[in-house]
Amino acid sequence: MSMDETTQLHVQELRRGTVVLACLVRLTTPEYGYALLETLSELGFSVDAGTLYPLLRRLEKQGLLSSAWNTDEARPRKFYTTSALGHELAATLTTEWHAIDESLRALKTRAPREGN
């Protein structure tokens with residue numbers, strides 16, 4: 001199914017708002033950037049590396065993620081994990097997500113008022 005440009009922009013905007021929550025939820029166990037990128041893509045959260053890496057750094061700076069370098073292998077990798085503050089935000093965002101979903105479902109099924 002091909003989407004027109006306007007639809008693609010709106011879908012991209014909607015997904016952009018969910019990537020933070022997806023990262024916070026996924027990183028309950030440590031994962032390095034490229035593996036996270038692949039996992040998100042496999043699970044339907046396509047995001048460019050040029051978007052994900054700055055996002056991870058920003059979330060870390062905000063105290064929502066913690067990181068540690070793993071130098072056990074030939075190529076050092078920075079592993080990210082959701083912090084306690086990140087878990088709190090993920091819970092809040094998840095609650096908000098469910099409320100929005102519920103509201104959208106209600107809007108979809110509710111009969112319009114007369115005169116509108």
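Here, residue 1 is the first one in the sequence, and each next residue gets the next number.
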Tabulate below the donor-acceptor pairs under 3.5 Å that side-chain atoms of residues 10-23 make, not counting sequence neighbours, or state none.
from : atom 1 : to  : atom 2 : distance (Å)
R15  : NH1    : G44 : O      : 2.3
T18  : OG1    : R15 : O      : 2.7

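Evaluation of the salt bridge (Lys or Arg N to Asp or Glu O under 4.0 Å) rule for E42 yields no partner, not counting sequence neighbours. Residues that satisfy the side chain to side chain contact (heavy atoms under 4.5 Å, CB included) test with T92, not counting sequence neighbours, are absent from this structure. For H87, the side chain to side chain contact (heavy atoms under 4.5 Å, CB included) criterion is met by T28, T82, not counting sequence neighbours. The side chain to side chain contact (heavy atoms under 4.5 Å, CB included) search around T29 returns none, not counting sequence neighbours. Every residue two or more places apart in sequence or in another chain that forms a side chain to side chain donor-acceptor pair (under 3.5 Å) with T39 is listed here: E31. The side chain to side chain contact (heavy atoms under 4.5 Å, CB included) test applied to S41 returns S46, not counting sequence neighbours.
To the nearest 0.5 Å, the span separating CG on L89 from OG on S83 amounts to 9.0 Å. Separating the CG atom in L27 from the OH atom in Y80 is a distance of 9.5 Å, to the nearest 0.5 Å. Summarising the geometry, atom CG belonging to L104 is positioned 10.5 Å from atom OG1 belonging to T109; distances are rounded to the nearest 0.5 Å. Atom CG in L59 sits 11.5 Å away from atom OG in S67 (nearest 0.5 Å). Taking CZ of R26 as the reference point, atom CG of L43 lies at 6.5 Å (rounded to 0.5 Å). For the atom pair Y32 OH and R75 CZ, the distance stands at 8.0 Å (nearest 0.5 Å).
A ring-ring contact (aromatic ring centres under 6.0 Å, His included) check over residues 44-77, counting only residues at least two apart or in different chains, returns nothing. Counting only residues at least two apart or in different chains, salt bridge (Lys or Arg N to Asp or Glu O under 4.0 Å) contacts with residues 88-97 are absent. Sequence neighbours left out, the pairs with a member in residues 97-106 that pass salt bridge (Lys or Arg N to Asp or Glu O under 4.0 Å) are D101-R105. For residues 49-64, the pairs satisfying salt bridge (Lys or Arg N to Asp or Glu O under 4.0 Å) are E60-K78, with sequence neighbours left out.
The two atoms that bring L52 and V47 nearest to each other are N-CG2, 4.1 Å, heavy atoms only. In plain terms, the two heavy atoms of L56 and G33 that are nearest each other are CD1-CA, 4.1 Å.
Side chains of T51 and D48: a donor-acceptor N/O pair is absent below 3.5 angstrom, by distance only.
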